[in-house]
Each structure stands twice: as C-alpha cells, then as structure tokens.
A.B. asks: 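There's a structure below that I have some questions on.
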Amino acid sequence: MGTVTTSESIADAITLSHLGYSYPGDQNPVLNIPAWRVERNEHVFLQGESGSGKSTLLSLLAGLSIPTQGSLKILGDDIAKQSARQRDRFRATNLGVVFQQFNLIPYLSALDNILLAARFGSATTAGARQRATTLLERMNLQSTLHHRPASQMSIGQQQRVAIVRALINNPSLLLVDEPTSALDHANRDAFLALLFDVLSDQECAMVFVSHDPTLGASFDTQVKISELNHVGATV
C-alpha cells in the first residue's frame, strides 16, 4: 500500500464509518457496519446469503437509499449529505450499477439502451456510440446483435448489455448485484473472464455481490457480509 494522503483526487472508492440502516417505520436495523473501505481500482467480492443485507448495502453505495446513521463516502464525497437530484447526477457520472434483473428497456435495442445511459454522462454522442460498439464487441456481442431489442436477447446477452451500459460513462466504481444467478457454470466463468478483461484497462473499483462463494477466487479481496454487518452482535 502506498503513502496515505487526504487528497480527494485519490480518495478511497468507498469509506464507511458507523454506518447504520433501518427501513422506514422500523426501528430494527438491518445494517450496522462499524467500518469498511475499498481502495481505488480494488475488485471486491462481497458474499452472503439471501436476506443478509447485501442488496441493501449495494443500494446505499449507489445512493438509491441513504443511511439512517453514520458516514458513507463514495470517491471522497459524502453522498448521504446530497439531495436526491445530486445523488442521481453523481451516480450517472461516477458509478456504474448492474442490477440483478438488468432493468433494460425491452423495446429498445442493445445499443439504444446503452446510449440512453450515456446521455446522462459527459461523452459526446459520437464518442458514446463508438465506445458502446467497442465494449459490446469486447463482451462478445457481435454487430448483428447491437440493434436487436433487449426483449429478443438471451439472458446472457442481456447481462452483457447491462455491463456495457454500466461502463459507458467510464465510472470510477462499478456495483454489480448477483449477475450470474441465471447462468450455468460454463457461461458464468466465461462471463467473469470477459468482465475482468474489460476492466483490465480501466481505472475502476468494483464491488461484486453474490451468494455463491465459489466465485470469490477471481477477486482481489473477498468479504463476507457477516464480517461487516454487526446487526445482532454483542459488543
């Protein structure tokens, strides 16, 4: 590890301190994380069973929810102190999010789904189109599929489109939620190899959430949500 500095230009990708979260109207916390940090460019595998708080934590990291208590800094910015509109803008320009259900617009083509996301970034239309085409090809989606509606694509193809959409604005942090749950082992392994290949030349940290511990060997860091989340623990 290098010399510690307080410069926000090289701030950690994620810094949590005394983070707590309870659902509205419920006093029982679902998350209680004393501390956690993820370095820039670090690729973290976050593993835990259903109901362990993985997706809730991912929602907080994406700025879709805000903590009930504590500090949450993403890329040096305390997003909990931002308005909903500021968080939306921050997410569009700094984060890439791959949801478990992909959330592609079914009647739009693969390319148009990606270019719609690019409109919220800073790239020019021509630049975004070229980047989208390049990334789609790197994800093994040939040009004949670029204009196919998402509803007519396989689960594996939709998954790759969702990854490209998340990367189109050159994010500094990629958040991925259970993307391999619908894939068999061969396609799962091939997808992970493609994902790491695409990330190899990008300065982008990643938190990859899954219940499957066998995926962890490919990552820089493996963390169990039970190691982070102290809900119910006696201290």
A.B. asks: Treating S59 as the side-chain partner and S55 as the backbone partner, does any N or O pair qualify as donor plus acceptor under 3.5 Å?
C.D. replies: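 Checked: no pair found.
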A.B. asks: I need the L60 CG to L58 CG distance, nearest 0.5 Å.
C.D. replies: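 Reported value, rounded in 0.5 Å steps: 9.0 Å.
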A.B. asks: Does F191 have its ring centroid less than 6.0 Å away from the ring centroid of F196?
C.D. replies: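 No, they do not, as the ring centres are separated by 6.0 Å or more.
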A.B. asks: What are the two closest heavy atoms between L173 and I74, and how far apart are they?
C.D. replies: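 In this case the closest contact between L173 and I74 is CD2-CG2, 3.8 Å.
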A.B. asks: When rounded to the nearest 0.5 angstrom, what is the spacing between SG in C204 and CG in N170?
C.D. replies: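 Answer rounded to 0.5 Å: 7.5 Å.
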A.B. asks: For A110 and M153, which heavy atoms make the closest approach, and how far apart are they?
C.D. replies: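 Minimum heavy-atom contact is CB-SD, 4.0 Å.
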A.B. asks: Find the distance between CD1 (I168) and CG (L115) and round it off to the nearest 0.5 Å.
C.D. replies: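 Spacing of CD1 (I168) from CG (L115) equals 6.5 Å.
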A.B. asks: Do L194 and F208 land in one hydrophobic cluster if side-chain heavy atoms of ILVMFWY residues count as linked below 4.5 Å?
C.D. replies: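 L194 clusters together with F208.
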A.B. asks: Using a cut-off of 6.0 Å, state whether more than 12 heavy atoms not belonging to E203 lie near its atom CD.
C.D. replies: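 Check fails, neighbour count at 12 or below.
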A.B. asks: Rounded to the nearest 0.5 Å, how far apart are CG of N41 and CG of D220?
C.D. replies: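 Going from the CG atom of N41 to the CG atom of D220 covers 9.5 Å.
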A.B. asks: Salt bridge (Lys or Arg N to Asp or Glu O under 4.0 Å), that's the test. Do R85 and D88 meet it? Break it down for me.
C.D. replies: CA-CA 5 Å; R85 178 172 292 184; D88 287 344; over 6 Å; no
A.B. asks: Using the side-chain contact (heavy atoms from CB on, under 4.5 Å) rule, take L31 and L57 through it: C-alpha gap first, then chi angles, then the decisive distance, then the call.
C.D. replies: CA-CA 8 Å; L31 289 178; L57 176 56; 4.1 Å; yes
A.B. asks: Can you tell me if D26 uses its side chain to pair, donor with acceptor, with the backbone of N28 under 3.5 Å?
C.D. replies: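 Flag set: sc D26 to bb N28 pair under 3.5 Å.
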A.B. asks: Under 3.5 Å, is there a donor-acceptor pair between the side chain of R131 and the main chain of L167?
C.D. replies: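 Here the side-chain-to-backbone pair exists.
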A.B. asks: Can you confirm whether the side chains of E137 and T133 place a donor and an acceptor under 3.5 Å from each other?
C.D. replies: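 The criterion, which ignores hydrogens and geometry beyond distance, is not satisfied for T133 and E137.
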A.B. asks: Can you check side-chain contact (heavy atoms from CB on, under 4.5 Å) on L111 and R129, steps first, answer last?
C.D. replies: CA-CA 8 Å; L111 187 59; R129 182 176 292 272; 3.2 Å; yes
A.B. asks: Give a yes or no on whether I105 and L136 share a hydrophobic cluster (residues Ile, Leu, Val, Met, Phe, Trp, Tyr; joining criterion: side-chain heavy atoms under 4.5 Å apart).
C.D. replies: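 Per the 4.5 Å side-chain linkage, I105 and L136 are not co-clustered.
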A.B. asks: Sub-3.5 Å donor-acceptor pair from the side chain of K54 to the main-chain atoms of G48, do we have one?
C.D. replies: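 Yes; judged by distance alone, with no hydrogens or angles, the pair exists.
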A.B. asks: Looking at L195, V38, L174, L199, which one forms a side chain to side chain contact (heavy atoms under 4.5 Å, CB included) with H43?
C.D. replies: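 Per the side chain to side chain contact (heavy atoms under 4.5 Å, CB included) rule, the option paired with H43 is L199, out of L195, V38, L174, L199.
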A.B. asks: So, does Q157 use its side chain to make a donor-acceptor pair with the main chain of S154 at under 3.5 Å?
C.D. replies: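 Yes: the side chain of Q157 pairs with the backbone of S154.
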A.B. asks: Return the CG to CD distance between D177 and Q101, rounded to the nearest 0.5 Å.
C.D. replies: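 The CD atom of Q101 is 9.0 Å from CG of D177, to the nearest 0.5 Å.
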A.B. asks: Applying side chain to side chain donor-acceptor pair (under 3.5 Å), which residue pairs with at least one partner in residues 102-117 are found, sequence neighbours left out?
C.D. replies: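 For residues 102-117: S109-D112.
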A.B. asks: For residues L116 and V97: do they belong to one hydrophobic cluster (side chain heavy atoms under 4.5 Å, members Ile, Leu, Val, Met, Phe, Trp, Tyr)?
C.D. replies: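 L116 does not cluster with V97.
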A.B. asks: Has the side chain of N169 got a donor or acceptor atom that lies under 3.5 Å from a matching backbone atom of G96?
C.D. replies: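 Answer holds: no.
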A.B. asks: Measure the CG-CD1 distance between N94 and I79 for me, rounded to the nearest 0.5 Å.
C.D. replies: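 Interatomic distance, N94 CG to I79 CD1, rounded to 0.5 Å: 10.0 Å.
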A.B. asks: Can you pull out every side chain to side chain donor-acceptor pair (under 3.5 Å) where at least one residue sits in residues 11-23? Sequence neighbours excluded, please.
C.D. replies: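 Every pair satisfying side chain to side chain donor-acceptor pair (under 3.5 Å) with a residue in residues 11-23: D12-R37, Y23-T56.
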A.B. asks: If only side-chain N and O atoms count, and only distance matters, is there a donor-acceptor pair under 3.5 Å linking D212 with T214?
C.D. replies: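 Looking only at side-chain atoms, D212 and T214 do form a donor-acceptor pair, the distance falling under 3.5 Å.
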A.B. asks: Can you find a pair of side-chain heavy atoms, one from V161 and one from F102, that are under 4.5 Å apart?
C.D. replies: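 V161 does not reach F102 side chain to side chain.
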A.B. asks: Report the residue from L175, V223, T221 that forms a side chain to side chain contact (heavy atoms under 4.5 Å, CB included) with V207.
C.D. replies: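 With V207 as partner, L175, V223, T221 yield a single side chain to side chain contact (heavy atoms under 4.5 Å, CB included), made by L175.
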